[in-house]
Amino acid sequence: MTVTLSNPQDLLRVDAYHQVAVATGSRQVFVAGQVSWDADGATVGVGDLAAQVEQSYANVAAALRHAGASTDDVVRLTVYAVDWTPDKMPALLDGLARAARRTGSTATPPATLIGVAALDVPEHLVEIEATAVVGEPGSAPAAGTRPESRPESRPESRPEFFATPGYGDRQLERMGYSQAVRIGDRVEISGQGGWDDDFAFPADLEDEIVRAFDNVGRTLATAGATWADVVHVNSYHVPETPGFIGETHNRVMVEQLRARTGGRAPVWTETGVLALGAPGMRVEIRVTAIV
């Protein structure tokens, strides 16, 4: 087992998940957001939140198995629910319980629930994304080995923070945050919008999305990475129409992902939101890269 879950005494204890996960494995698994589709792409449980939660989580479990992992290896779970209200919680919990019985899972990793305006198609009510950490094949420690002597327990490199020249320097000074951090071979970035160095946005949505991709590339470069190193993409969109992220968002995102990654096809979760960080901003893109 490479993941240890715990609940600090000074934090609220929640039965459905733990507050903290500590992972000591050396291999990271990123699962793209899973919605309630079957193997043929048909939506399971149209109009039924519990059924969609069950199918979405089962799809997460299937993706993990394909990567040589299981739900016991999950260190972070993110659930995106359309038009979330507290009265939907019983259906969500029912769906998770059904999924646990179906997959034989008892995992309760740290989880985040985010209410969103829309997902990829109108009939999808929920999307579930997971990150897992596992050891390399054959790397399990011998019985009785002290944790500090295990190879996978060696301290990671110290984090290095980077500001994108131009707008990144301004944000670091004005708002106190960096655009990228690198820890060893892993690079995480702040969400990038389609702004210029003066934080002006194009009038055309397609131009805004393309510039957001440009800014991701600029930011990755500060940490010694490129789009070719990207393994995980989160994109956030203000929908073009109620209940649907929109044709322009979907088309341009796919075109740019294919062009920038050279067909590598990283995992991707696309989420519709009510608003983003600046007036008139319609898209934000955040990525993880392994160099």
Q. Would you say Pro109 and Val75 make side-chain contact, with heavy atoms under 4.5 Å?
A. no

**Q.** Side-chain donor-acceptor pair present, Gln55, Asn59, cut-off under 3.5 Å
**A.** yes

**Q.** In one Ile/Leu/Val/Met/Phe/Trp/Tyr side-chain cluster, 4.5 Å: Val53, Leu93
**A.** yes

Q) Taking all non-hydrogen atoms of both residues, which atom of Gly224 and which atom of Val291 are closest, and how far apart? A) O-CG1, 3.9 Å

Q) Do you know which two heavy atoms are closest between Gly194 and Pro202, and how far apart they sit? A) O-CD, 3.2 Å

Q. Is there a side-chain contact between Asp196 and Phe201 (heavy atoms, below 4.5 Å)?
A. no

Q) Are side-chain heavy atoms of Ile209 and Met253 found at a separation under 4.5 Å? A) yes

Q) So, does Trp195 use its side chain to make a donor-acceptor pair with the main chain of Arg211 at under 3.5 Å? A) no

**Q.** Flag, side chain of Asp40 to backbone of Ala42, donor-acceptor distance under 3.5 Å
**A.** no

**Q.** Verdict with supporting geometry, Arg251 and Val254, side chain to side chain contact (heavy atoms under 4.5 Å, CB included)
**A.** CA-CA 5 Å; Arg251 174 180 57 81; Val254 170; over 6 Å; no

(Q) Are Leu77 and Val267 linked, directly or through intermediate hydrophobic residues, by side-chain heavy-atom contacts shorter than 4.5 Å (ILVMFWY only)? (A) no

(Q) Any non-hydrogen side-chain atom of Leu64 less than 4.5 Å from a side-chain atom of Thr71? (A) yes

**Q.** Straight-line distance of Ser190 OG to Arg286 CZ, nearest 0.5 Å
**A.** 9.0 Å

Q | Side-chain (Asn7) to main-chain (Gln19) donor-acceptor, under 3.5 angstrom | A | yes

Q) Do the side chain of Asp229 and the main chain of Thr226 share a donor and acceptor less than 3.5 angstrom apart? A) yes

Q. Looking only at heavy atoms, which two atoms of Gly272 and Ile245 are closest? And how far apart?
A. N-CD1, 3.6 Å

**Q.** Distance, nearest 0.5 Å, that separates CD1 of Ile114 from OH of Tyr236
**A.** 6.0 Å

Q) Roughly how far apart are Arg98 CZ and Thr103 OG1, rounded to 0.5 Å? A) 13.0 Å

Q: Let me see the working for Leu220 and Val187 under side chain to side chain contact (heavy atoms under 4.5 Å, CB included), right down to the final yes or no.
A: CA-CA 8 Å; Leu220 287 169; Val187 177; 4.2 Å; yes

Q) Got a second to check how far Phe161's CZ is from Tyr177's OH, nearest 0.5 Å? A) 14.0 Å

Q. Going by atom types only, do Gln179 and Asn215 share a side-chain donor-acceptor pair under 3.5 Å?
A. no

Q: Show your reasoning for whether side chain to side chain contact (heavy atoms under 4.5 Å, CB included) applies to Val233 and Trp227.
A: CA-CA 10 Å; Val233 178; Trp227 266 106; 4.2 Å; yes

(Q) Quick check on the hydrophobic clustering: are Leu119 and Leu276 connected, directly or via other members, by side-chain heavy-atom contacts under 4.5 Å? (A) yes

Q: Without swapping roles, check the side chain of Arg182 against the backbone of Gly184 for a donor-acceptor pair under 3.5 Å.
A: yes

Q: Can you spot which of Glu240, Glu208, His249 makes a side chain to side chain donor-acceptor pair (under 3.5 Å) with Arg282?
A: Glu208

Q | Donor on one side chain, acceptor on other, Glu188 and Thr288, under 3.5 Å | A | yes

(Q) Could you measure the distance from the CZ atom of Arg218 to the OG1 atom of Thr164? Nearest 0.5 Å is fine. (A) 6.5 Å

Q. Is it true that the side chains of Thr219 and Gln192 contain a donor and an acceptor less than 3.5 Å apart?
A. yes

Q) For the residue pair His232 and Phe30, does the interplanar ring angle fall in the parallel (under 30°), tilted (30 to 60°) or perpendicular (over 60°) class? A) tilted

Q | same_hphob_cluster(Val35, Val44) at 4.5 Å side-chain heavy-atom cutoff | A | no

Q | Backbone N/O of Thr108 and side chain of His18: donor-acceptor pair under 3.5 Å | A | yes

Q | Nearest heavy atoms of Tyr57 and Ile128, plus distance in Å | A | N-CD1, 3.9 Å

Q: Take atom CZ of Arg264 as the centre, draw a 6.0 Å sphere, and report whether it contains more than 12 heavy atoms from other residues, nucleotides or ligands.
A: yes

Q: Could you grab the distance from atom CG of Leu92 to atom CG of Leu113, nearest 0.5 Å is fine?
A: 6.0 Å

Q | Side-chain (Lys88) to main-chain (Ala81) donor-acceptor, under 3.5 angstrom | A | no

Q: Measure the shortest side-chain to side-chain distance between Leu257 and Arg260 over non-hydrogen atoms and say whether it is less than 4.5 angstrom.
A: no

Q.
Test of understanding: clusters of I, L, V, M, F, W, Y form through side-chain heavy atoms closer than 4.5 Å, transitively. Do Leu96 and Met89 belong to the same one?
A. yes

Q | Residue pair Thr269 / Glu129, side-chain donor-acceptor N/O under 3.5 Å | A | yes

Q: Would you check if Phe244 and Asn250 make a side-chain contact, meaning some heavy-atom pair closer than 4.5 Å?
A: yes

**Q.** Nearest atoms (heavy-atom pairs only) where Ala69 meets Val134
**A.** CB-CG1, 3.7 Å

Q. How about Glu247: does its CD atom have over 12 heavy atoms from other parts shown lying under 6.0 Å from it?
A. yes

**Q.** Polar side chain donor-acceptor pair, Thr43 to His124, under 3.5 angstrom
**A.** yes

Q | salt bridge (Lys or Arg N to Asp or Glu O under 4.0 Å) between Asp73 and Arg27, worked out | A | CA-CA 11 Å; Asp73 299 310; Arg27 189 160 58 94; over 6 Å; no

Q) Does any N or O in the side chain of Ser105 come within less than 3.5 Å of the main-chain N or O of Ala107, such that one atom is a donor and the other an acceptor? A) yes

Q | Check: Asp198 side chain, Ala200 main-chain N or O, donor-acceptor pair, under 3.5 Å | A | no

(Q) Can you give me the closest heavy-atom contact between Ala130 and Val60, atom names plus distance? (A) CB-CG1, 3.8 Å

(Q) Could you tell me if the side chain of Leu5 sits less than 4.5 Å from the side chain of Pro110, heavy atoms only? (A) yes

Q: Any chance you could lay out the side chain to side chain contact (heavy atoms under 4.5 Å, CB included) test for Leu172 and Ser178, step after step, and finish with the verdict?
A: CA-CA 6 Å; Leu172 181 60; Ser178 298; 4.0 Å; yes

Q. Do the non-hydrogen side-chain atoms of Asp94 and Leu49 ever get within less than 4.5 Å of each other?
A. no

Q. Backbone N or O of Gly45 within a donor-acceptor pair of the Gln52 side chain at under 3.5 Å?
A. yes

